[in-house]
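The chain is numbered in sequence order, starting from 1.
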Amino acid sequence: MANSAWSERVLQLLRRMNNFYLPGSGRENCLRFKIGEAHVGWIPPHVAALLGRYPEVFSPPHDGAVSLCHSLDSYEKRSEAVGAVLQPLRQEGSLPCLKGWRDEKYSVMPKFSDPPLMWMERAATCLFGVKRYGVHLNGYTVSSSGEVSMWLARRSLTKQTYPGLLDNVAAGGLAAGASIKQTLVKECQEEACIPAAIAEKACPVNTVSYTYEDEEGVYAESQFVFDLELPLDFKPIVGDNEVQEFYLLPIDKVKDLLATEDFKPNCAMVVLDFLIRHSFIEPDTEPCYQEFVAGLHHTLE
């Protein structure tokens with residue numbers, strides 16, 4: 001693929017994954033989600049209309065915001081009250097995202113370093129546009145001659161989201177109460193059978209952050225990115241039903257794949273970040289270098 005065409009396809013990916021910030025997005029119609037004085041998310045109008053049925057949990061919209069009632073004054077009360085609202089909405093079936101209910105708790109807070117104000121079912125987070133966090137691992141090898149290759153996973157065809165697309169060698173969402181490194185080691189073992197003794201050598205190198213919207217809601221996400229140079233004689237093994245196969249590909253081939261529809265979009269962003277940090281994409285030869293960097297690191301609002 002010609003360099004200009006490759007660059008444009010990557011820019012399209014970054015625009016798609018940051019479309020909440022683009023002119024004409026649904027952001028101007030969304031209501032801020034507040035807990036006390038803290039702004040913790042964005043609620044689309046169709047969701048706000050449904051929440052109006054539950055005045056004992058959600059205050060009526062005011063000054064562009066929907067707030068949890070002040071009587072819900074603890075982590076436990078907020079979590080239980082919102083959970084009790086989500087169950088009937090789930091049964092109604094009018095919100096497609098709730099069909100993917102996972103029984104996974106995600107923390108809700110203004111920013112990652114803040115104490116969590118409540119937890120929320122993972123499948124519901126896009127309805128409130130709350131910030132979601134995860135970990136992604138770039139697993140790569142370096143040959144004796146210095147050639148870099150990367151391990152990629154092919155997602156299972158039974159995955160709820162992006163079935164059959166390429167993924168990082170290991171990745172997963174950050175559940176409430178779990179540490180970043182603990183989650184990384186767990187995902188490495190479960191998805192790729194990477195022993196803890198190897199996984200613990202992974203280095204935290206960056207975060208990749210973006211916010212996009214679709215017909216279901218708002219996805220404000222930040223991924224903690226790790227790099228791990230794997231031994232040349234090591235081969236990941238499928239450890240659960242989330243992956244169907246692993247590939248070791250030359251880095252030039254991986255770069256070409258970023259400009260196709262074969263990658264899970266946020267995983268493509270994580271690989272793009274790797275290519276930039278390891279100088280496989282350089283500012284002297286890539287005219288869109290600054291746009292790439294900016295598109296990988298939007299501040300979650």
I'd like to check the salt bridge (Lys or Arg N to Asp or Glu O under 4.0 Å) partners of E56; sequence neighbours left out, ordered by chain and number.
none
Would you please name every residue forming a salt bridge (Lys or Arg N to Asp or Glu O under 4.0 Å) with D73, sequence neighbours left out?
K77
Are [X] and [Y] side-chain neighbours, meaning at least one heavy-atom pair lies under 4.5 Å?
X	Y	answer
P236	V243	no
N19	S25	no
W151	L230	yes
Y75	L117	no
V82	W119	no
V271	N168	yes
L249	L257	yes
I276	L296	yes

Residue E147 excluded, over 12 heavy atoms near CD under 6.0 Å
no
Please check if the number of heavy atoms outside E261 that lie under 6.0 Å from its CD is greater than 12.
no
Show the numbers, then the answer: is there a side-chain contact (heavy atoms from CB on, under 4.5 Å) between Y54 and L89?
CA-CA 11 Å; Y54 305 93; L89 293 177; 4.1 Å; yes
Can you name the nearest heavy-atom pair linking [X] to [Y], along with the distance?
X	Y	answer
K159	P163	O-CB, 3.7 Å
S209	S222	OG-OG, 2.8 Å
L174	T183	CD1-OG1, 3.1 Å
K99	G93	CE-O, 3.9 Å
I43	A48	CG2-N, 3.6 Å
N241	T158	O-OG1, 3.9 Å

Out of curiosity, [X] [atom1] to [Y] [atom2], how far, rounded to the nearest 0.5 Å?
X	Y	atom1	atom2	answer
L86	L95	CG	CG	9.0 Å
E221	C126	CD	SG	9.5 Å
L184	H136	CG	NE2	11.0 Å
I251	D256	CD1	CG	11.0 Å
M150	L275	CE	CG	6.5 Å
L127	L98	CG	CG	5.5 Å

Charged N to carboxylate O below 4.0 Å: is that the case for E242 and K264?
no
Are E245 and R154 within salt-bridge range, i.e. N to O under 4.0 Å?
no
Start with the C-alpha distance between K255 and D252, add both sets of side-chain angles, then the distance that settles salt bridge (charged side-chain N to carboxylate O under 4.0 Å, His left out), and finish with yes or no.
CA-CA 5 Å; K255 181 179 177 182; D252 287 344; over 6 Å; no
N/O donor-acceptor pair under 3.5 Å between [X] side chain and [Y] backbone:
X	Y	result
E282	D284	no
N138	D227	no
R122	R102	no
H62	G64	no
Q223	V270	no
D114	K111	yes
H39	R32	no
E187	V135	no

Applying salt bridge (Lys or Arg N to Asp or Glu O under 4.0 Å) between R155 and each of D262, D240, D167, report the one that passes.
D167
Which residue pairs pass the ring-ring contact (aromatic ring centres under 6.0 Å, His included) test with at least one member in residues 197-226, sequence neighbours excluded?
F112-F224, Y212-Y219
Same apolar cluster (I L V M F W Y, side chains within < 4.5 Å links), [X]/[Y]:
X	Y	answer
V218	F58	no
M109	W42	no
V254	V208	yes
F292	M269	yes
F263	W6	yes

Only counting residues at least two apart or in another chain, list the ones meeting side chain to side chain donor-acceptor pair (under 3.5 Å) with R16.
none
Please enumerate all residues that pass side chain to side chain donor-acceptor pair (under 3.5 Å) together with S143, with sequence neighbours excluded.
S145
Side chains of S7 and E286 only: does a donor on one sit below 3.5 Å from an acceptor on the other?
yes
Between F234 and I194, does a side-chain contact (heavy atoms from CB on, under 4.5 Å) hold up when you go through it step by step?
CA-CA 9 Å; F234 178 81; I194 300 175; 3.8 Å; yes
R277/V225 under side-chain contact (heavy atoms from CB on, under 4.5 Å): CA gap, chis, key distance, verdict
CA-CA 12 Å; R277 288 185 292 99; V225 180; 4.1 Å; yes
Other members of the hydrophobic cluster containing L157, with the 4.5 Å side-chain heavy-atom rule, please.
none
Using side-chain contact (heavy atoms from CB on, under 4.5 Å), reason through F128 and V40 one step at a time and then give a plain yes or no.
CA-CA 8 Å; F128 297 84; V40 296; over 6 Å; no
Over 60° means perpendicular and under 30° means parallel, so tell me whether F274 and F280 are parallel, tilted or perpendicular.
parallel
Please assess H298 against F20 for the test ring pair (Phe, Tyr, Trp, His ring centres under 6.0 Å), listing each intermediate value before the final yes or no.
CA-CA 11 Å; H298 273 284; F20 193 63; over 10 Å; no
Go through R53 and E92 one step at a time and tell me if the salt bridge (charged side-chain N to carboxylate O under 4.0 Å, His left out) criterion holds.
CA-CA 13 Å; R53 302 178 193 168; E92 287 177 16; 2.5 Å; yes
